[in-house]
Q: 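This is the structure I have questions about; it appears just below.
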There are 2 protein chains.
Amino acid sequence: MGRRGSDLTDAELEVLKVLWEGQSNTVREVMERLHAKGRKVAYTTVLTFLSRLEQKGYVRSDKAGLAYVYRPKQSRERVIASRLRALADQLFDGATAPMVLQLMKSERFTHEEIEAFRRLIDELDRTGAEDGA
Amino acid sequence: MGRRGSDLTDAELEVLKVLWEGQSNTVREVMERLHAKGRKVAYTTVLTFLSRLEQKGYVRSDKAGLAYVYRPKQSRERVIASRLRALADQLFDGATAPMVLQLMKSERFTHEEIEAFRRLIDELDRTGAEDGA
DNA sequence: GCGATCATACTACAAATGTCGTAGAAAACT
DNA sequence: AGTTTTCTACGACATTTGTAGTATGATCGC
């Protein structure tokens with residue numbers, strides 16, 4: 001039997017990303033947006049993905065005039081966080097810290113990016129400091 | 001047609017992880033190790049995955065006495081880095097820094113972990129400082 | 001009013017994935 | 001030597017995923 005992981009598939013995610021970017025999301029518009037990104041898919045294919053996304057609870061649709069308009073039900077942050085978590089589970093048995101470390105080690109960053117990391121870390125440290133409930 | 005992403009599938013990765021952990025990896029041993037982890041798979045299933053992994057270039061096998069012994073051809077770090085990169089491509093259009101930030105924001109860490117981040121960042125900063133080739 | 005458009009609902013289907021079963025050779029045991 | 005145990009090689013198969021065609025109903029332009 002197929003996969004077991006996070007239900008959101010790659011192609012579905014691709015479509016969901018487009019939804020996050022746009023406002024009025026009819027099937028046609030989503031398709032056009034995908035085409036603009038170089039992703040050539042048929043109208044009905046997009047429809048299929050949107051339907052599947054709806055069944056899985058990731059989007060919601062309202063009939064606006066002629067066509068349905070789709071909009072995300074889950075925020076980009078939420079979905080992304082969940083994906084990251086899934087990868088952490090898969091690669092590091094759920095330990096996210098090692099993942100962050102590995103990521104920082106295996107990639108290259110500019111000074112600005114590194115500064116951003118530092119700032120966030122300082123903030124985390126301060127925020128979490130009094131947190132011991 | 002099926003998926004397009006990184007060729008290593010989830011189940012294959014599961015097997016590869018076991019290979020990274022052990023030394024003498026016969027099909028049977030890998031299977032037992034998987035069982036110990038709660039992953040109940042048939043002997044032939046493990047064999048299938050190992051064969052597919054070999055075809056894809058992730059493992060290599062040598063006949064040792066009766067059975068073949070499999071060993072990883074790619075390091076854990078390498079594969080993990082590539083996976084992380086793939087996720088960055090998928091979620092952040094290849095920008096790894098935003099991924100690190102998001103990851104740090106959406107998860108919780110202990111002070112020790114945060115300290116480890118800070119140390120690594122300092123090091124990165126120092127290492128990369130003279131790097132402007 | 002009628003044909004050309006546009007939308008959605010179903011159905012279909014090949015390729016990928018996860019999972020095994022069986023056949024046959026080799027080795028081990030008794 | 002005969003039987004039992006182990007391996008590997010192949011083939012099989014249900015699901016999932018990516019992709020699209022067709023049928024059918026509503027809408028628009030003229």
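Protein chains get the first letters and strands the later ones, always in sequence-line order, with residue 1 at the start of each. Worth knowing before you read on, the calculation uses all heavy atoms, side chains too, and leaves out hydrogens, waters and symmetry mates. Computed from a predicted structure; not experimentally measured.
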Q: Pairs of donor and acceptor atoms involving the side chains of residues 27-36 of chain B, under 3.5 Å and at least two apart or interchain, shall be tabulated with distances.
A:
unit_1	atom_1	unit_2	atom_2	d
E29(B)	OE1	S24(B)	OG	2.8
E29(B)	OE1	T26(B)	N	3.1
E29(B)	OE1	T26(B)	OG1	3.3
E29(B)	OE2	S24(B)	OG	3.2
R33(B)	NH1	V18(B)	O	3.3
R33(B)	NH2	N25(B)	OD1	2.6
H35(B)	NE2	V41(B)	N	3.4
H35(B)	NE2	V41(B)	O	2.8

Q: Write down the distance between CG (L53(A)) and C1' (dT16(D)), rounded to a whole number of angstrom.
A: 15 Å
Q: Rounded to whole Å, please give me the gap between CD in E54(B) and C1' in dT8(D).
A: 12 Å
Q: Nearest nucleotide by nearest heavy atom, which residue falls closer to the 5' end of DNA chain D, A42(A) or V69(B)?
A: V69(B)
Q: More than 12 heavy atoms of other residues, nucleotides or ligands under 6.0 Å from CZ of R118(B): yes or no?
A: yes
Q: When you measure from the side chain of T45(A), which nucleotide among dT17(C), dC20(C), dA20(D) comes out closest?
A: dA20(D)
Q: Separation of L47(B) atom CG from dA25(C) atom C1', in whole Å?
A: 15 Å
Q: So if you build clusters from Ile, Leu, Val, Met, Phe, Trp, Tyr with side-chain heavy-atom gaps below 4.5 Å, do Y43(A) and V15(A) land together?
A: yes
Q: Mind calculating the distance between CD (Q55(A)) and P (dT17(D)) to the nearest angstrom?
A: 13 Å
Q: Using whole Å, what does the distance between atom P of nucleotide dC7(D) and atom CG of L50(B) come to?
A: 13 Å
Q: Mind calculating the distance between CZ (F49(A)) and P (dT8(C)) to the nearest angstrom?
A: 16 Å
Q: Does a side-chain heavy-atom distance below 4.5 Å link R71(B) with V59(B)?
A: no
Q: Rounded to the nearest Å, what distance is computed from the CE atom of residue M31(B) to the P atom of nucleotide dT5(D)?
A: 15 Å
Q: How many Å lie between CG on D10(A) and P on dT19(D), as a whole number?
A: 10 Å
Q: Enumerate the protein-to-nucleotides 3-7 of chain C contacts in which both atoms are nitrogen or oxygen and the separation is below 3.5 Å.
A:
unit_1	atom_1	unit_2	atom_2	d
dA7(C)	OP2	R28(A)	NE	2.7
dA7(C)	OP2	R28(A)	NH2	2.9

Q: With nearest nucleotide decided by heavy atoms, which residue, E12(A) or T44(A), maps closer to the 5′ end of DNA chain D?
A: E12(A)
Q: Please check if the side chain of S82(B) supplies one atom and the backbone of R78(B) the other of a donor-acceptor pair under 3.5 Å.
A: no
Q: Taking all heavy atoms of D89(A) and all of G94(A), pick out the closest pair and write down the distance.
A: OD1-CA, 3.1 Å
Q: Between T9(B) and dG18(C), is there a side-chain N or O to OP1/OP2 distance below 4.0 Å?
A: yes
Q: Please answer whether the main-chain N or O of L8(B) pairs with a side-chain N or O of K56(B) as donor and acceptor at a distance below 3.5 Å.
A: no
Q: Quick one: does T48(A) reach the base of dA20(D) with a side-chain donor-acceptor pair under 3.5 Å?
A: yes
Q: Does a nitrogen or oxygen in the side chain of R52(A) sit under 4.0 Å from OP1 or OP2 of dA9(C)?
A: no
